[in-house]
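Step one of this worksheet: look at the structure below.
So that the names make sense, note that chain A is the first sequence line, chain B the second, and so on, each numbered from 1.
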Amino acid sequence: MGGGKRPGGGKGKVSGNPSDPGGRTIDHRTRKGRQTPDTAPDLSFLDDLNPEQREAATYTGGPLLVLAGAGSGKTRCLTYRFAYLVRCLGLDPGDILAITFTNKAAREMRDRVERLLGDGRLPGRGDPHAEGALWVSTFHATCSRLLRRDGERVGLRSNFVIYDASDQTALLKEILSGLGWEESRWPAAGFLAAISRAKDELVGPEEFAAGAADFREERVAKVYPLYQEALRRNNAADFDDLIMKTVILLREEEAVLARLRERFRHVLVDEYQDTNHAQYVFVNLLAAGHRNLCVVGDDDQSIYAWRGADIRNVLEFEKDYPDARVIRLEQNYRSTKTILTAANAVIANNERRTGKKLWTENEAGDPIVYYLAADGAEEAQFVVGEILGGHGGRGLPLRSFAILYRTHAQSRAFEDVLVNKAVPYQIIGGTRFYERKEIKDVLAYLRVVHNPEDEVALERALGVPKRSIGPATLARLRQAAEAVSGAAGAAGLLGGIRAVATGHVDPAGIGPKLRGELGRFVALIDALAAGVGTMPVTEMVREVTEKSGLVEVLRREGTAEAQSRIENIRELATVAANYAHQSDDPSLQAFLENAALMADIDVMKEGDDGVVLMTVHNAKGLEFPHVFVVGLEQGLFPHSRSLEEPHGVEEERRLCYVAMTRGMRRLYLTHARERTLYGYTMPAEPSAFLQEVPEETLFVASLLASRRVVERDPERARPVARTAPGTAVHPAATASATPRFSPGERVIHPRWGEGIIVGISRSGVRPGYAGNVHLRVAFANQGVQTIAAEEVTRKGALGV
DNA sequence: GCGTAACTAGTTTTT
DNA sequence: CTAGTTACGC
């Protein structure tokens, strides 16, 4: 794609721009009173940037690839570039298309641009569809916005809805059962994954069918068009459709493409290494005219290959654009020298990379704290102990600590300890708020109100709370729908329900009681529909929760779980209120879209103090003073599934690199000797990545020495320096004072006699003091007791 | 059609 | 282990 034929675009030269070697042109239109500055623009704000950043922010000579290492001020660079284009080249902010990876990043960028430009310079407060509104958002939000306007041509009316994973599954299951295929033999998830992958590659149903190579693919080829058709009927798009349909639109509608190319004088893309083929084509289509494409990425941080991200988009940018300018940002402003040394050493083991080495002027800082725990629970205890030491002992805010893990399942052990010690925390991910059953139930009503064709939502809403509507009744309602649609045009399932409720149609098998129920249902929907545009969304949420009976049913249930569901529903009303308050567009449509496109990370609270827990994937783009990377074990991190894939381990290593480079001041790397997963406890090997961390950067804080890391050369595993006395176990204390115990060892207690150590933990750790060691010891007659290590002696020690 | 019991399977990462 | 699905009896 890419390479537009249009050379340079040129109309006139820009003078007074030192970093414009290409002599590129700015043929900006001047709109709405915004003028090209006649006097030399004030460039002093660029003084905040280092030379490379400055170059990246101001180069306008054509395609630009910025290889921005972790913590190299990438966001700052993009923001300044945006400001530069507006302030110095006189572009209208609405002429710039900026794409970020998450809504949070978009918001941040918007805020920062706003600050740089000063108040009132940015449009977009009010109607986001207005001319001149800002275009800073995610791929999905951008495409959605384009499709709302011009989607008719690809089968989407402007009130289309976005289906999430569970909606997709519900829809596909219906299709599968319609085909009579056994769900157990042909799970919906498999089809959805295949279809999603195809869409990432812009492969539509026909093309897929043509290329189907084996039995499985032929099955997919059969389902794919039916699925697309069903989406169209429901006036719905799934995540991948948002991108694919936009590309189709741009390819097929020249006028639309021309208009957008004309409009977006400059295109900026963040996290370019995580774009998939469809996104790549989208970006390059738009940029092909003016060729003012600036992409920013880091091949070492590409961690989304599993969802179609193609690292080649970065690696081959220079092939796509032979005249591309490449700028590397390698100075890191985030981490200590020690953290960077370790992270560089790990990532150096990857082969597929452009090759880049971060450096910093920051201090060497503390060594990396390495800890081997007895098991997952003890790992959590250590981590929380360290956090409490830093929080209580040194007054560090809790939110300066982040616990990063490979899989969500690992969060539980940490939550247990945090709850137990009453430490506030916030966990990002897991089941998202908007994907919770009760939330989706409420939203289903609102979705029907917004788009009556959304039958996935309609069926869901019909079923909650229970209204005695099963497959049989549903079939009858469908029949009724067909009966009326013959007479009065396409009425859809909702039309059928309305006909039955009003007695227009009276199918056998639907009694008066059910009819009344349906009447109330339709009345609720209609009342809400009448309020669209006037009634605030919060009000609608309240209406649904009260009139539908959802909350009533939960209240009668009376269990703790039901109670928490009610609270979640209440929270939804609050969320809606906040949304209306903050958003440019308080409409129902915008609210629903927001709910569909919202990522977990987007709702991270900045204000509250609390330890932050999340997966490494979620941590991308963030930084924390103190970072714990936990569960560094073979099979967990790197994950077992990755070991089978060709470039799997390299991606895991990048993930590890991302995790390590989140740390600003102190990094902890932990693993456990054994790990309990779905009920089974298994011995766990240390992660291969641990061995790639240079030993001289490590401080070993565990009672249990890791064979791999320590026994290799115990002397060198000692700390290099401790510039700031921290929360970790003090070297001197570990080295001398504490006799090392390990599970399985026999010990003697003065009163209870001989026992076996089954667990070890530590508390009260503070600088200069290793803390108290607690042992869990199984005694013959006392059962398992927790006792201070001082109370026992090792059997065989001291000649006993 | 609903509720309970029993069972199962599936467990990476997410816009 | 546990959440989510299925089978069965009412």
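- You'll find the side chain of A/L192 reaches within 4.5 Å of the side chain of A/T169, heavy atoms only.
- Nucleotide B/dT15 holds its P atom 25 Å from the OH atom of A/Y280, rounded to whole Å.
- The structure places CG of A/D167 at 10.5 Å from CD1 of A/I162, a figure rounded to the nearest 0.5 Å.
- Distance A/R675 CZ to C/dC1 P: 17 Å, rounded to the nearest Å.
- Ring geometry for A/Y304 versus A/W306: interplanar angle of 30 to 60°, hence tilted.
- Side-chain contact between A/L572 and A/N568 is absent, with no heavy-atom pair separated by less than 4.5 Å.
- One atom, NZ of A/K173, and another, P of C/dG4, lie 11 Å apart when rounded to the nearest Å.
- Taking the six-membered ring where tryptophan is involved, the planes of A/F637 and A/F689 are perpendicular, since the angle between them exceeds 60° and thus also 30°.
- Counting only N and O atoms by type, the side chains of A/Y425 and A/E415 include a donor and acceptor under 3.5 Å apart.
- Rounded to whole Å, atom P of C/dC1 lies 19 Å from atom CD of A/Q410.
- For C/dC8, the paired nucleotide is B/dG3, the pair qualifying as Watson-Crick or G-U wobble because both relevant distances are below 3.5 Å.
- Remark: C1' of B/dT14 and CG of A/N103 are 13 Å apart, rounded to the nearest angstrom.
- Between A/R447 and A/E455 there is no salt bridge, since no side-chain nitrogen of the basic residue lies less than 4.0 Å from a carboxylate oxygen of the acidic one.
- Close to B/dT14, at under 4.0 Å from its OP1 or OP2, lies no side-chain N or O of A/K620.
- The nucleotide whose nearest atom lies closest to any side-chain atom of A/T138 is, among B/dG1, C/dA3, B/dT15, B/dT15.
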Protein and nucleotides 11-13 of chain B: nitrogen or oxygen contacts under 3.5 angstrom:
| unit_1 | atom_1 | unit_2 | atom_2 | d |
| --- | --- | --- | --- | --- |
| B/dT12 | O2 | A/R406 | NH1 | 3.1 |
| B/dT12 | O2 | A/R406 | NH2 | 2.2 |
| B/dT13 | OP1 | A/H408 | N | 3.1 |
| B/dT13 | O4' | A/R406 | NH1 | 3.4 |
| B/dT13 | O2 | A/W306 | NE1 | 3.2 |
| B/dT13 | O2 | A/R406 | NH2 | 3.4 |

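- We find that CD of A/Q273 is positioned 16 Å from P of B/dT14, with the value rounded to whole Å.
- Using a 4.0 Å cut-off, some side-chain N or O of A/T473 falls inside it from OP1 or OP2 of B/dG1.
- In this entry the distance linking CZ of A/R412 with C1' of C/dA3 reads 10 Å, nearest Å.
- The P atoms of B/dT11 and C/dT6 are separated by 15 Å, rounded to the nearest whole Å.
- We find that CD of A/E271 is positioned 13 Å from C1' of B/dT15, with the value rounded to whole Å.
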